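Working notes, beginning with the structure itself.
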Amino acid sequence: MLSLKRAKRAGDGDVPVAAGEAPAWGDADDGPVLSLSGIGRTYESGDVEVNALADVHLEVQRGEYVSIVGPSGSGKSTLLNILGLLDRPTSGSYLFEGREVATLDEAARTAVRGRRIGFVFQSFHLLSHRSVVENVSLSMLYTDVPARERAERARAALASVGLEHRADFTPTRLSGGERQRVAIARAIVAEPAVMLADEPTGNLDSRTSESILELFASLREQGLTLVMITHDSSVAARADRSVSIRDGRLTVEEAR
Amino acid sequence: MKPTRLSARDLLSEAVAGLASRPARTLLTVLGTVLGIAALVATVGIAQTAGNRIVGSFSELEATSVVVSNSGGFWSNGAGTPFPEDAEDRLTRLNGVVAAGTLGPVDVGTALASTVVLDDPTGQNEFQVDVYATSPGVYEAVKGTLRTGRWFDAGHEQRADNVVVLGQGVADRLNVHRVDQQPVVFLGDQPFVVMGILSDVSRQPQLLNAVMMPEATARDLYAYTSGDTVQIDVEIGAAELIAEQAPIALGPNDPSVFRVMKPPSPDSLRNQVQNDVNSLFLILGAVSLLVGAIGIANVTLVSVLERVGEIGLRRAVGARRRHIAGQFLLESTAMGVVGGIIGATLGILVIVGLAAARQWTPVLSPLIPLGAPLLGGLTGLVAGVYPALRAASLEPVDALRSGT
Ligand SMILES: Nc1ncnc2c1ncn2[C@@H]1O[C@H](COP(=O)(O)OP(=O)(O)O)[C@@H](O)[C@H]1O
Ligand SMILES: [Mg+2]
């Protein structure tokens with residue numbers, strides 16, 4: 001049903017990657033994609049210190065679909081921002097594909113972020129004045145992909161989320177569910193090591209949410225590593241593994 | 001890992017797409033720059049056109065006239081230093097002088113001019129007239145035209161003959177129209193033979209309403225000492241030189257007693273006009289350009305604030321601070337360039353329109369239309385610096401959180 005460029009192996013979620021064959025997502029290396037140990041994040045607002053995250057340990061393996069669930073204000077977005085290298089932890093170590101990234105400078109963090117991480121936001125973050133295909137191409141603008149290849153790959157990614165017929169629309173003419181699919185196409189088109197999604201269904205009704213979650217499941221089947229944040233435990237339950245967060249601490253790690 | 005990059009082409013197409021997606025706003029934003037550049041271009045063009053016009057209209061007649069006066073100027077009291085009797089000879093020897101002659105009013109007391117040829121009891125037949133003593137060269141020096149008869153020559157001067165030439169106005173009043181019968185006019189009871197009637201002059205127009213006689217005659221009859229004016233007709237381009245040499249030729253001992261009136265040099269005239277026009281309108285243009293720059297800065301800053309979410313997203317997909325800064329800087333520069341092009345076009349239309357209305361030849365240095373987009377771009381670049389730095393300094397987390 002879904003066909004992603006370089007991800008043609010049907011239902012290969014449990015099939016080990018054949019030697020010499022290019023992997024669909026990320027490197028062939030078998031270590032965890034993400035590895036947090038002792039991560040803390042303290043905000044200083046005035047004289048008050050807020051410990052948004054404290055002593056967080058988390059490992060996400062290649063091809064895993066992990067959800068992080070917790071109530072509002074529990075530190076989910078803070079954690080996702082650190083995972084996405086959008087923000088720096090104030091303490092602890094963060095290995096991304098085996099490399100320490102907590103101490104990298106801004107340019108190096110931007111390189112990891114742009115080349116290896118795909119983002120899906122609750123509010124979509126599409127450029128309303130640019131066409132759908134341009135929005136998807138944006139993911140490859142800063143990563144040395146030639147302009148013609150960008151458009152081709154963007155259309156292929158749109159096809160894989162079922163929106164090839166909307167390629168030349170502007171996002172303003174799309175429904176919420178369609179917009180989020182565009183955002184997902186944008187997140188996967190550059191073949192990142194991991195896709196991070198912050199409340200991806202937060203702005204959608206339940207039927208549309210369901211279709212987005214089905215899309216996530218099928219991407220996971222194709223080998224994409226996925227970390228999803230949500231406050232909704234029924235949404236969280238769709239992942240392989242769900243991690244609870246409360247007051248900045250990961251409390252329970254439950255296997256499904 | 002290799003740092004992310006943005007090729008110049010992609011940067012340009014992102015900036016253009018950013019502007020093209022809000023065409024109305026872009027045009028409104030560049031309006032200030034358009035007006036500023038248009039004002040500057042029109043100013044320079046009008047000054048150049050007018051300057052050209054002045055040089056063109058600055059007539060040969062004016063350019064070839066040098067007048068020396070001995071009245072001594074404002075600070076002197078009493079009569080000036082007399083011109084030497086051979087002034088005309090001394091001047092015509094100078095290289096560049098075409099003709100020269102001295103002239104000056106003659107005091108004839110209460111004597112009135114009249115004719116005895118026609119005694120018309122109903123009409124007035126005695127008139128008060130101006131009387132001038134003129135040397136033979138005056139005729140050529142003032143570029144005179146005789147309706148009839150002839151001008152004095154050196155012989156009349158030597159013999160101090162009682163002859164006169166009438167200006168057109170006097171001849172009409174005295175009813176003298178022909179000279180072939182050697183009509184006589186009287187000044188008081190002194191008779192003079194009329195030799196000619198002067199119908200036109202290009203210089204010293206007071207002669208057209210006067211009775212003119214040889215200087216020697218005036219000396220003999222009226223205790224005339226010297227003229228007060230020397231009129232010199234010079235070759236084109238010689239005015240500056242003759243203006244310097246004439247007083248020396250007339251009074252080698254103390255040339256400074258003579259005042260010289262020479263035509264303004266075309267260059268200084270043009271520069272003066274350009275400076276007058278320029279300094280006023282250039283200030284106006286610069287002010288509108290400044291307003292234009294503030295306009296661009298303002299709108300670019302608003303645009304940065306509106307596009308915080310876009311900035312966050314671009315940072316998330318790999319844009320570095322410099323890529324963000326570059327994009328906004330290029331957008332504002334491009335607006336400046338567009339403003340420069342439109343403004344230069346408007347400015348040129350103004351010049352051409354004005355020139356057409358006055359039937360002048362429009363003149364504009366080609367550097368102006370070429371430089372205008374550059375100046376506009378520079379304006380936009382400067383205007384974009386602060387907004388671009390603001391955009392680049394945003395933290396990706398903050399940008400993504402607050403934007404949509
Ligand atoms: N920039 C900030 N400055 C100060 N406090 C912050 C900031 N961002 C988040 N916080 C605080 O950190 C805690 C976690 O926030 P957040 O990660 O956004 O929670 P969630 O996404 O789970 O709702 C909250 O108490 C919030 O008030
Ligand atoms: Mg949140």
Side-chain angles (χ1 to χ4, degrees), chain A residues 41 43 77-78 80-82 84-88 96-97 99 101 104-131 134-147 150 170 183 186-187 189-190 192-193 196 198 203, chain B residues 1-27 302-304 306-328 330-331 389 391-404:
Chain A
R41 178 65 168 96
Y43 290 114
S77 293
T78 304
L80 192 94
N81 289 337
I82 285 171
L85 277 69
L86 293 166
D87 192 16
R88 288 165 187 267
F96 185 92
E97 296 190 301
R99 276 201 326 150
V101 291
L104 290 181
D105 67 16
E106 182 62 33
R109 278 145 39 86
T110 301
V112 175
R113 194 195 303 144
R115 293 177 188 280
R116 304 300 297 154
I117 302 175
F119 293 92
V120 173
F121 305 99
Q122 179 176 356
S123 57
F124 321 134
H125 277 301
L126 300 175
L127 306 187
S128 54
H129 294 287
R130 311 289 291 273
S131 72
E134 283 176 324
N135 267 282
V136 176
S137 298
L138 202 68
S139 273
M140 297 171 286
L141 183 64
Y142 302 93
T143 56
D144 313 304
V145 181
R150 286 204 294 264
T170 54
R186 182 182 63 198
V189 70
L196 304 177
D198 189 353
N203 279 358
Chain B
M1 193 168 293
K2 242 175 87 184
T4 49
R5 57 184 295 273
L6 181 61
S7 74
R9 244 190 76 192
D10 287 336
L11 173 62
L12 188 68
S13 66
E14 286 302 301
V16 168
L19 294 177
S21 63
R22 300 167 179 83
R25 160 188 293 207
T26 303
L27 282 180
V302 169
S303 162
V304 165
E306 271 180 4
R307 290 158 72 186
V308 164
E310 172 182 340
I311 294 165
L313 178 76
R314 286 180 185 272
R315 297 299 307 276
V317 297
R320 297 174 62 180
R321 293 192 192 282
R322 61 182 63 168
H323 299 148
I324 300 295
Q327 183 182 341
F328 282 97
L330 195 61
E331 285 189 16
L389 290 180
S393 70
L394 280 171
E395 289 297 332
V397 199
D398 299 331
L400 284 165
R401 188 178 31 237
S402 54
T404 46

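Convention: sequence-line order gives letters A, B, ...; per-chain numbering from 1. The shown structure was predicted, so the numbers you read here are calculated from the model rather than taken from an experiment.
Electrostatic pairing of B/Glu14 and A/Arg130 counts as a salt bridge here, judged by a charged N lying under 4.0 Å from a carboxylate O. Taking the charged nitrogens against the carboxylate oxygens, A/Arg88 and B/Glu395 have no contact shorter than 4.0 Å, which rules out a salt bridge. A salt bridge between A/Arg150 and B/Asp10 is present, with a side-chain N of the basic residue lying under 4.0 Å from a carboxylate O of the acidic one.
Atom CG of A/Leu127 is separated from atom CD of B/Glu310 by 4.5 Å, given to the nearest 0.5 angstrom. Atom-to-atom distance recorded for B/Arg401:CZ and A/Ser123:OG is 12.0 Å, nearest 0.5 angstrom.
Proximity to chain A is absent for every atom of B/Arg322, based on heavy atoms less than 4.5 angstrom apart. Contact of A/Asp87 with chain B is made through backbone and side chain together, with heavy-atom distances under 4.5 Å. In this structure, the portion of B/Arg22 lying under 4.5 Å from any heavy atom of chain A is its side chain and not its backbone. At a 4.5 Å heavy-atom cutoff, the contact between A/Glu106 and chain B is made by side-chain atoms alone. Using a 4.5 Å cut-off between heavy atoms, A/Leu141 contacts chain B through both its backbone and its side chain. Contact of A/Ala107 with chain B is made through backbone and side chain together, with heavy-atom distances under 4.5 Å.
Across all their heavy atoms, B/Met1 and A/Val112 have their closest contact at SD-CA, 3.7 Å. Considering every non-hydrogen atom in both B/Lys2 and A/Asp144, the closest pair reads NZ-OD2, 3.4 Å. When every heavy atom of B/Pro3 is checked against every heavy atom of A/Arg115, the shortest pair comes out as O-NH2, 2.9 Å. The two residues A/Tyr142 and B/Thr4 have their closest heavy-atom pair at O-CB, 3.2 Å. In terms of heavy-atom proximity, A/Leu86 sits nearest to B/Pro396 at CD2-CB, 3.8 Å. Smallest separation of non-hydrogen atoms from A/Phe121 and B/Ala316: CZ-CB, 4.3 Å.
Counting heavy-atom pairs closer than 4.5 Å to chain A, the top-ranked of the candidates B/Ser13, B/Ala319, B/Ser7, B/Ala17 is B/Ala319.
At least one donor-acceptor pair closer than 3.5 Å links the side chain of A/His125 to the backbone N or O of B/Leu400.
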